[in-house]
Amino acid sequence: MTAPVWLPAPDPAEVAAALTAQFAEAHGEPPDGVWSAPGRVNLIGEHTDYNDGLCLPFALPHRTYAAVRVRDDDRFTLASRQAGMGWSGGLDSVGPGHPEGWSAYVAGVLWSLQRKGIHVPGLDIVVDGRVPLGSGLSSSAALECSVAVAVSEVAPDGSSLARRDLMAASIEAENVVAGANTGGMDQAVSLLAREGHALLLDCSDFSTRDVAWRIGALGWTLLVVDTRAPHALVDGQYAERRASTAAAARRLGVGALRAVGVDELDAALARLDDDVLRRRARHVVTEIERVRVAADALERADVDALGAAMTASHASLRDDYEVTVPELDTVVEVALAAGAVGARMTGGGFGGSAIALVRDTAYEQVAEAVHAAFVDRGFAAPQFLLATPSAPAGRTA
Ligand code: ADP
Ligand code: MG
């Protein structure tokens, strides 16, 4: 029997030093600095961001690092340790759908900041992403935000940019230039998180409240399982869920499902004549309420109440929102049986990652049980991470 594979977060200073050396080799001179931004896990509140709802993510210790140097001209070059050479050119060649591929996430940030009136100088950029790519842990936002925070420090007028401007540019890059639908949770937490805290985020106005991760000192940890399940049909399914919740809101005469309180849910559901819309709406309305319950439980260090809300969230995503896959359901089932106090998928679903709240003396045992079940059921080997609420985007070296 093979052993579980762990993905520890590397030491930021070591990554920055290696990236600086790589940059110097490629460009003949060291970078002006290295900036980085975290991926995230969402404790609870899934598919609520685009319904003006609440969610409760925190920043991972796993980050994307960007070494950046200002050039003498207004051109840009991009390279990634994971993806090789990317786009090079001027910002006049950037727009919806251009450039293609991973470069869109970076070029889109530069383009959006320039459209906000910032003088973005020509840059050489080399990135190293230590958030697993495409695992539902938001490597895309980590990439965008690492570059956005770098520009805010190297552009001559960058100090005029608030974190919220960087967030808006990163969201615009992903939605408009990369053409991937995103509701904004990922970029908000990567830029606004506070170390040692989860971020209670209200997506109607992006207001936030820090909720201390007191349970860490009480012996609890969050185990993250990257299922490595193949992501099929993700974009189309995401767009379909988004459209169906918007349709439910329209039929109920509200701007977004956030406006429907959980006490009004039965009456609202009775006014929807379509069973699919009813189940999609029920997920969103009950999920927003579960975020309130979970944030309150976390604040009080009530681990049982937090875990129960997480597990209920998973059931709603599986049965009403229909965005889980057998790998995600397996993590939840097996982790709970092995002693987790709560477990759920995290991120958009259709593959990606799941989380389990476990005693810090028991996480290895839970990981072994999940790993064994994956082998048994013929799934690809998962990858395990431990998540502690970490620092937001900023300068690393
Ligand atoms: P997630 O954000 O959950 O990791 P996404 O599909 O939203 O999944 O984003 C993954 C994409 O982001 C990758 O396919 C790639 O295009 C881009 N990306 C993220 N990190 C890097 C990196 N270090 N180098 C190159 N591309 C990256
Ligand atoms: Mg993403």
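Every number for a ligand or one of its atoms is a count from 1 in the order of the listing.
In this structure, the ring of Tyr321 has its center less than 6.0 angstrom from the ring center of His47. Between Tyr50 and Tyr238, a ring centre-to-centre spacing shorter than 6.0 Å is recorded.
Residue Ser138 does not count as close to the Mg ion (ligand 2), with no N, O or S atom under 2.8 Å.
Using a 4.0 Å cut-off between heavy atoms, Ser135 contacts ligand 1 through its backbone alone, with no side-chain atom that close.
The nearest protein heavy atom to atom 14 (O) of ligand 1 is not closer than 4.0 Å.
Here's the thing with Thr64: none of its N/O atoms is less than 3.5 angstrom from an N/O atom of ligand 1. The distance criterion of under 3.5 Å between nitrogen or oxygen atoms is not met by Tyr105 with respect to ligand 1. Between Asp128 and ligand 1, no pair of N/O atoms sits closer than 3.5 Å.
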Worksheet item: Under the side-chain hydrogen bond (donor to acceptor under 3.5 Å, both in side chains) criterion, do Asn51 and Thr245 qualify, and how do the steps go?
Response: CA-CA 7 Å; Asn51 289 293; Thr245 54; 3.1 Å; yes

Worksheet item: After noting the C-alpha distance and the side-chain angles of Ser135 and Ser353, does the key distance pass the side-chain hydrogen bond (donor to acceptor under 3.5 Å, both in side chains) rule?
Response: CA-CA 6 Å; Ser135 296; Ser353 296; 5.1 Å; no

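The distance from atom CD of Glu46 to atom OG of Ser313, rounded to the nearest 0.5 Å, is 6.5 Å.
The distance from ligand 1 to the heavy atoms of Leu133 drops below 4.0 Å at these ligand atoms: 4 (O), 19 (C), 20 (N), 21 (C), 27 (C).
Judged by the shortest distance from any of its heavy atoms, Leu137 lies inside the 4.0 Å radius around the atoms of ligand 1. Every heavy atom of Gly347 sits 4.0 Å or more from the atoms of ligand 1. For Ala180, the closest heavy-atom approach to ligand 1 does not fall below 4.0 Å.
For the residue pair Ala343 and Ala335, the shortest heavy atom distance occurs at CB-CB, 4.4 Å.
Partner Met345 forms a side-chain contact (heavy atoms from CB on, under 4.5 Å) with one of Thr227, Val225, Asn42, Leu328 and no other, that one being Leu328.
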